There are 2 protein chains.
Amino acid sequence: MTIATLQTIANIVKVSRSTVSRVLNNKWEDFGISQATADKIISKAKDLHYIKNEAALSLRVKKTFTIGVIVKDITDPFYSQLVKFVESALYTKGYNIIICNTGYDLDKENGHINILLSRWVDGIILSPIQKSIENISIIKDRNVPLALFDCKIDKFEADYILVDNKAGTMEAVNHLISQGHKKIVYIGGNSSDLNNRLRYAGYKKALSKASLSITEHYVIHGSYTFKHGYEAATELLRSNDAPTAFFAANNRIVLGACKGIMDCGLQIPEDVSIVGFDDFETATMLPSPLTVIRQPLRDMALNAVDILLSRMDKTNNTPCMTRMLKTEFILRNSTRKIN
Amino acid sequence: MTIATLQTIANIVKVSRSTVSRVLNNKWEDFGISQATADKIISKAKDLHYIKNEAALSLRVKKTFTIGVIVKDITDPFYSQLVKFVESALYTKGYNIIICNTGYDLDKENGHINILLSRWVDGIILSPIQKSIENISIIKDRNVPLALFDCKIDKFEADYILVDNKAGTMEAVNHLISQGHKKIVYIGGNSSDLNNRLRYAGYKKALSKASLSITEHYVIHGSYTFKHGYEAATELLRSNDAPTAFFAANNRIVLGACKGIMDCGLQIPEDVSIVGFDDFETATMLPSPLTVIRQPLRDMALNAVDILLSRMDKTNNTPCMTRMLKTEFILRNSTRKIN
DNA sequence: GATAATTACGCCATCGATTGCGTTAAATTT
DNA sequence: AAATTTAACGCAATCGATGGCGTAATTATC
């Protein structure tokens, strides 16, 4: 009925707590505990359904086997997949994760950081909302291993996991150019967002390399939403200088743009070509499966885990590093050659 | 540099740990501690960036302010949304969640249950893989509050959060019938899955109420996957007794079926009508937005949280209850009247 | 038969925060 | 001035697990 602790078992078998602890941690041989005693302890522990108290252990060994993961929106496939991979990798190492969803709310991000620190987590994977240092440097001050995900913060020494947004976008736009497209639209996210800027830089570079000039009204920053993608696409397609191809800066924008294209009575890829950033399950399920730039989420997750685990070794003083991963171009069926 | 504890502050201010604890918990007036002392302590705590150690607290007060959430697949929008709502509701109450992803692996489910118990979580929300009792009853034995989600287990007393699968499906099928459809296919999930059986029961009842007989080859159980939906739809549409409408038992099946329909050169809703179980973001983004049965995920999450919190009050001996929530019929544009 | 070595454990401090029960000194009352 | 109250704190146990150090008892060695 009541919950068994080491003491409970110790009392029954008439040994000390230490002995019980040693036996249950499979160290009894090192401490010269007889097989008979060990057997008695083990069997009693089973009888009583003994389960160790991790809180007590944490206190003693100053390690919680817990990692905090702070994401912006867990319902975004990008993050839910990340969480899945991180959880899986850490599970095999004996760690659990506390998930924190900020919902793009900076106060909540701050709150979560404080809570995670008060829980003495062994590490934090953070996909920060802002490029502000204040709330994040407290993590560093406490010397808690930190992996910054998907966002580079200027002048802040830390371990970063990034993808090569610029090169990835270039590849996508190059593909459109090689198909003969000249009127290529960039539908972007928030204009202050660093990833968006890098993707835009890739777009610009691809165009200039092909000696195409930037058409101003073909660049539409906004937000990473379905709505923005939809509005940008419909507006342009109904203008008197309609484009022939789109690049959409994330998974939600691309869906919005696709819907917009179809609502204009046009077909993909027959009438309009489109490439998106981010791969996701439903990208393959659209009438014309989307050609996309895939972020190597599994690799990103494994790298983040790897960094945290290695930083837990306090003798590890290697300088912080940025791991920049390559994107992958996935050719499906949403672009077409034109003349 | 080093981390401040109560003792650290106590040493500096030259008071006892108790006094520091009382001040930092805003109880100093109850214990007659002078404002001057309190001020000194508070300011020192700020200076040293004192953050309390929750592990020590847990040990002392036998409460961890942690809830375990075990889901089958966090990348499924159904679960990622659930997690989002649960996280948000618990955050305001001062609780964190440890997320456990089983990936439909029973061993992992077991492992996670054990880990959560060893962490002395204050409650568990579990969406179990099987209807087996063994691994789950250990939670009950430990007297840990448990909310069983989306799966009723026979003969197992517990608090359940369910939706009315049968009534929801009936509503969907009734809608198809009222539009004049008589050849209605049921594409289901795993035939042993309880939810699938209940949904199928709703399908059968709707047909029989309308005096339509069950056509055997119009019922295709299988799995909750895109592939199954696709194959079922294409196979039937190419047969010489093609149906005019589909009911798909979850979000992935419905996407597969839609793709299958389109790959057969048919249009939704012009040529074929379809209704799906589960609402999800991309349902609105298809060429023809899907008519679906929505599960009240937010309500389900809030109910689960509510149950757990109330069960934490150990004087609460109200018998276990099943909260059966109603689904919502969301009419979009994937069905059409025929004659 | 005395000494050394090994076996088989136990004691107790520790991790950090909380809390019931004191205790001391000052202030107030009579 | 003696007695009582109140203000302002401290002591030490507690939560559960761990591990360094110590020790009694048995066995082995010379």
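Since the structure is predicted, the reported quantities are computational estimates derived from the model, not experimental observations. Order of the sequence lines sets the chain letters (A, B, ...), proteins ahead of strands, with each chain counted from 1.
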Between [options], which nucleotide has the shortest distance from any of its atoms to the side chain of [X]?
X: B:S16; options: D:dA17, C:dC11, D:dG10; value: D:dG10
X: A:I33; options: D:dA17, C:dC9, D:dC9; value: C:dC9
X: A:R22; options: C:dG16, C:dT19, D:dG19; value: D:dG19
X: B:S34; options: D:dG10, D:dC9, D:dA13; value: D:dC9
X: B:L57; options: D:dC9, C:dA17, D:dA17; value: C:dA17

So, under a plain 3.5 Å distance rule, would you say the side chain of [X] forms a donor-acceptor pair with the base of [N]?
X: B:R119; N: D:dG16; answer: no
X: A:S18; N: C:dG10; answer: no
X: A:R17; N: D:dG19; answer: no

Remember a base hit wins even if backbone is also touched, and classify [X] as base, sugar-phosphate or nothing at under 4.0 Å, heavy atoms.
X: A:W28; answer: nothing
X: B:S58; answer: nothing
X: B:V20; answer: nothing

Are any of [X]'s side-chain N or O atoms less than 4.0 Å away from OP1 or OP2 of [N]?
X: A:K62; N: C:dG16; value: yes
X: B:T5; N: C:dC15; value: no
X: A:K27; N: D:dG19; value: yes

Item to check | For the student: nearest non-hydrogen atoms of A:L308 and A:I67, plus distance | outcome: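 Looks like CD1-CG2, 3.7 Å.
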
Checklist outcome for this item: Which of A:L148, A:D150, A:I307 passes side-chain contact (heavy atoms from CB on, under 4.5 Å) with A:I161? Answer is A:I307

